[in-house]
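Have a look at the structure below, then the notes.
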Amino acid sequence: MIRTHNCGQLRKTDVNKEVKLVGWIHSRRDHGGLIFFDLRDREGLTQIVFNPQQMSADIFQEAEKLRSEFVVNISGKVGQRPAGTENPKLPTGEIEVAASGLEVLNPAKTLPFEIADETEISEEVRLKYRYLDLRRPRMKKNIMFRYRTVKVIRDYLDGQGFIEVETPILTKSTPEGARDYLVPSRVHPGNFFALPQSPQLFKQLLMVAGMEKYFQIAKCFRDEDLRADRQPEHTQIDMEMSFVDQEDIFALCEGLMTEVFKKTLSIDLKTPFPRLTYKEAKDKYGSDKPDLRFGLEFKDISSLVATADFKVFAEIIKNQGVVKAICVPGIAGYSRKEIDDLTKLANEFGAKGLAWFKINNGTIESPIAKFFKAEVLNSIKELMGAKDGDMILIIADAPKVVAESLGRLRSYLGDKLNLINKKEFNFSWVVDFPLFQYNAEEKRWESEHHPFTAPNYDDVEYFDTDPGQMRSQSYDLVLNGTEIASGSIRIHRKEIQEKIFSTLGIGPEEAKEKFGFLLEAFEYGAPPHGGIAPGLDRLTTIMLGEDSIREVIAFPKTQKAVDLMTDAPGQVGEKQLRELHIKLR
RNA sequence: GGGGAUGUGGUGUAGUCUGGUUUAACACGCUGCCCUGUCAAGGCAGAGAUCGCGGGUUCGAAUCCCGUCGUCCCCGCCA
């Protein structure tokens with residue numbers, strides 16, 4: 001090894017030791033007759049001092065030529081800093097290394113930006129020079145935090161009897177779900193592998209194989225448009241267990257999260273995490289991943305206003321619509337324009353209008369108040385728990401539109417009015433998802449989760465009469481309004497699987513062609529099994545208080561799915577295409 | 001596919017609405033010189049930008065118009 005210590009290591013107890021340090025020149029303070037450098041490696045910073053009276057003139061001259069980010073090898077003696085010159089900001093701040101030897105291992109051009117958290121740099125520049133961006137303390141911290149998280153996960157699951165198994169990256173395209181990334185087969189002209197959207201089928205086959213407890217830190221690929229929380233490739237903590245029910249999965253996942261938060265952030269999570277059904281979540285928050293760090297719960301006021309003189313509401317209720325409201329504290333002073341902005345937001349999500357009641361001096365002010373009897377207004381006020389200074393926002397529409405638009409208003413106001421405690425980590429389970437959802441465009445039923453999700457066995461009577469009514473044994477883990485894990489108990493019996501396929505309009509032939517290997521496997525003794533897959537990127541993003549998963553991914557892609565550093569994707573030559581039997585059009 | 005924001009020396013911004021007192025300003029960085037206790041070192045001097053790209057309007061465009069490209073946020077999409 002070139003070095004004897006790292007740059008975060010030396011303390012007062014090391015004074016007078018002869019040491020060798022390597023690293024990057026982090027900063028330079030040249031006093032002419034005396035030069036200070038902060039030398040940086042992964043572990044920290046150590047001040048190096050070059051004093052011409054204590055070294056050869058040659059070396060001092062060399063030191064004068066050092067610039068930012070040169071990679072150097074320093075030898076010297078650890079010294080206690082003179083009284084009053086200690087730096088309390090550095091763990092190594094009580095000492096410095098008096099250099100006696102210097103070797104430039106590699107010079108560096110002037111960097112496009114400084115290696116410091118304080119400098120704001122456009123993401124475009126950061127991604128082009130990602131290897132420099134990762135030198136910055138924040139990014140280094142994020143990447144190392146991610147590693148520690150994964151390490152805790154592996155240790156925990158190992159302790160629980162799980163084994164990590166790798167599954168193929170080159171696999172088969174499956175219908176439904178996201179768009180696949182395809183890889184052409186050279187050996188089989190016209191045939192393609194698909195990159196896995198998740199190891200779903202393989203982990204179920206590992207259960208059939210008798211592995212009982214499987215996990216994998218698994219890369220998943222989806223060729224869909226990107227967002228702050230979506231990249232074309234992301235990492236799941238993929239888990240599957242045999243002989244379990246929903247409760248076992250919850251307990252495992254709660255144990256895992258508790259361990260992770262304890263070991264990485266020293267935070268004690270309270271378990272069990274609260275649960276709410278999909279229906280409750282939609283009814284009260286308009287979302288299947290509600291942010292429960294703040295209230296603004298929906299209240300259904302349909303029955304209160306159904307018989308009032310206000311025709312708009314009455315009509316909507318008559319046509320299977322609903323009227324729901326949230327009570328927003330302290331915004332009764334909102335101007336016309338501010339209310340217009342809220343209305344515009346509601347419009348974006350399909351609501352035709354936004355009604356409002358301002359509570360001032362105990363009375364309700366609203367352009368539509370005159371249509372309601374005093375006792376109706378009072379009942380609404382009471383139901384909403386509205387106080388002076390509050391404003392009740394009301395949306396009347398089809399249930400889906402009300403949920404989406406009022407839900408969006410809720411999130412917007414929760415953020416805008418600072419109702420959210422940013423330090424809180426609020427976990428909850430959302431359970432009893434519907435088994436199917438109807439695709440009106442294609443006039444067919446689709447799986448809400450995936451086609452291997454077990455139904456809630458209390459609901460199987462609806463298979464032929466009302467599939468939309470059926471609940472599934474699938475569940476999401478929600479953290480601060482983000483879905484961070486999704487899973488289900490799987491079907492392990494052939495006849496139920498066939499029933500699902502027939503509801504989805506997948507005939508026996510098609511099922512055999514697409515999932516034949518899985519269905520066949522189920523005929524050789526498949527244990528009951530289920531699993532869950534937390535998203536590592538989303539989880540660590542929230543834990544670190546970042547706004548985008550790009551901040552926890554070493555080499556992420558832009559919104560156009562491009563890697564600005566490597567310039568991928570790129571063109572390939574005619575020879576490569578010919579070998580793959582591909583002709584561009 | 002759609003909506004919105006944005007692009008000015010190496011980096012981050014001001015200037016753009018209201019075209020001309022701009023020879024495009026400021027901070028950081030960079031270069032040179034001075035400097036023995038700094039740690040966001042300090043002082044002095046200096047270099048560095050055809051204002052994303054293309055076209056148009058105009059006597060005159062960073063500024064107005066059209067197109068185009070990149071980046072970001074959102075909708076659709078993401079079992």
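Comparing the P positions of B:rA25 and B:rG46 gives a spacing of 14 Å, expressed to the nearest Å. Separation of the P atoms belonging to B:rA41 and B:rC28 is 11 Å when rounded to the nearest angstrom. Going from the P atom of B:rA24 to that of B:rG52 covers 15 Å, rounded to whole Å. Rounded to a whole angstrom, the distance from the P atom of B:rA14 to that of B:rA5 is 16 Å. Going from the P atom of B:rU16 to that of B:rC64 covers 9 Å, rounded to whole Å. Nucleotides B:rA40 and B:rG32 are separated by 22 Å at their C1' atoms, to the nearest Å. Of the C1' atoms belonging to B:rG20 and B:rG4, the separation is 33 Å, rounded to the nearest Å. B:rG56 sits 12 Å from B:rA61 when the P atoms are compared, rounded to a whole Å.
Salt bridge annotation for A:Arg490-A:Glu240: present, with a cationic side-chain nitrogen under 4.0 angstrom from a carboxylate oxygen. A salt bridge links A:Arg493 with A:Glu495: the distance from a Lys NZ or Arg NE/NH1/NH2 to an Asp or Glu carboxylate oxygen falls below 4.0 Å.
Note on A:Ala228: only backbone sugar-phosphate atoms sit closer than 4.0 angstrom, heavy atoms only; bases stay farther off. Within 4.0 Å (heavy atoms only), A:Leu226 reaches no atom of the nucleic acid at all. Using a 4.0 Å heavy-atom cutoff across all strands shown, A:Gln47 reaches at least one base atom of the nucleic acid. No engagement by A:Asp223 is indicated, since no non-hydrogen atom pair under 4.0 Å with the nucleic acid exists. A:Glu96 comes within contact range of at least one nucleobase, with a heavy-atom separation under 4.0 Å. A:Glu86 comes within contact range of at least one nucleobase, with a heavy-atom separation under 4.0 Å. A:Pro112 comes within 4.0 angstrom of sugar-phosphate atoms only, judged by non-hydrogen atoms across all strands, and of no base. Note on A:Glu448: only backbone sugar-phosphate atoms sit closer than 4.0 angstrom, heavy atoms only; bases stay farther off.
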Distances under 3.5 Å only, N/O to N/O: pair up the protein atoms with those of nucleotides 26-30 of chain B.
residue, atom, partner, partner atom, Å
B:rC28, O2', A:Glu114, OE2, 2.6

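Computed from coordinates, the A:Ile121 CD1 to B:rU6 P distance equals 22 Å when rounded to whole Å. If you measure from atom OH of A:Tyr412 to atom P of B:rC74, you get 15 Å, rounded to the nearest angstrom. Rounded to a whole Å, the CZ atom of A:Phe50 is 19 Å from the P atom of B:rC39. Counting to the nearest Å, the P atom of B:rG2 and the CZ atom of A:Phe349 are 19 Å from each other. Between A:Asn87 atom CG and B:rU38 atom P there is a gap of 11 Å when expressed in whole angstrom units.
Stacking of A:His31 onto the six-membered ring of B:rG37 is not present when judged by under 5.5 angstrom between centres and under 30° between planes. Residue ring and nucleobase are not stacked for A:Phe113 and B:rU11 under a centre distance beneath 5.5 angstrom and an angle between planes beneath 30°.
Between A:Arg408 and B:rC75 there is a side-chain N or O to OP1 or OP2 distance below 4.0 Å. Within the structure, a side-chain polar atom (N or O) of A:Arg550 is placed less than 4.0 Å from OP1 or OP2 of B:rC73. Taking only side-chain nitrogens and oxygens, A:Gln559 comes nearer than 4.0 Å to OP1 or OP2 of B:rC73. In this structure, A:Lys560 reaches the B:rG70 phosphate: one of its side-chain N or O atoms is under 4.0 Å from OP1 or OP2. Remark: A:Arg230 is not in phosphate contact with B:rC77, judged by side-chain N or O atoms under 4.0 Å from OP1 or OP2. Of the side-chain N and O atoms in A:Ser122, one or more sit less than 4.0 angstrom from OP1 or OP2 of B:rG12.
Interatomic distance, A:Asp415 CG to A:Lys422 NZ, rounded to the nearest 0.5 Å: 4.5 Å. To the nearest 0.5 Å, atom CG of residue A:Leu479 and atom CD1 of residue A:Ile484 are 4.5 Å apart. For the atom pair CZ of A:Phe50 and CD of A:Glu62, the computed distance is 9.5 Å after rounding to the nearest 0.5 Å.
Position along RNA chain B of the nearest nucleotide to A:Gly33 versus A:Glu118 favours A:Gly33 as the more 5'-ward residue. For the pair A:Asp38 and A:Asp229, both in contact range of RNA chain B, the more 5′-proximal nearest nucleotide belongs to A:Asp38.
In the set B:rC39, B:rG76, B:rC78, the nucleotide with an atom closest to the side chain of A:Arg29 is B:rC39.
Taking the ring axis of A:Phe294 as reference, the NZ or CZ atom of A:Arg410 stays within 45° of it and closer than 6.0 Å to the ring centre.
Neither side chain, A:Asn142 nor A:Glu551, offers a donor N or O lying under 3.5 Å from an acceptor on the other.
Taking 3.5 Å as the limit, the base of B:rU11 and the side chain of A:Glu120 contain no donor-acceptor pair of atoms between them. A:Arg81 contributes a side-chain N or O that forms a donor-acceptor pair with the base of B:rU38 under 3.5 Å.
Look at B:rC78: it lacks any Watson-Crick or wobble partner with both distances under 3.5 angstrom. Base pairing analysis places B:rA25 opposite B:rU13; the two distances defining the Watson-Crick or G-U wobble pair are each below 3.5 Å.
Taking the six-membered ring for Trp and the full ring otherwise, the centers of A:Tyr278 and A:Phe433 sit less than 6.0 Å from each other.
Counting heavy atoms from C-beta on, the side chains of A:His492 and A:Met207 never come closer than 4.5 Å. For the pair A:Tyr475/A:Ile532, a side-chain contact is recorded, criterion being any heavy-atom separation below 4.5 Å from C-beta on.
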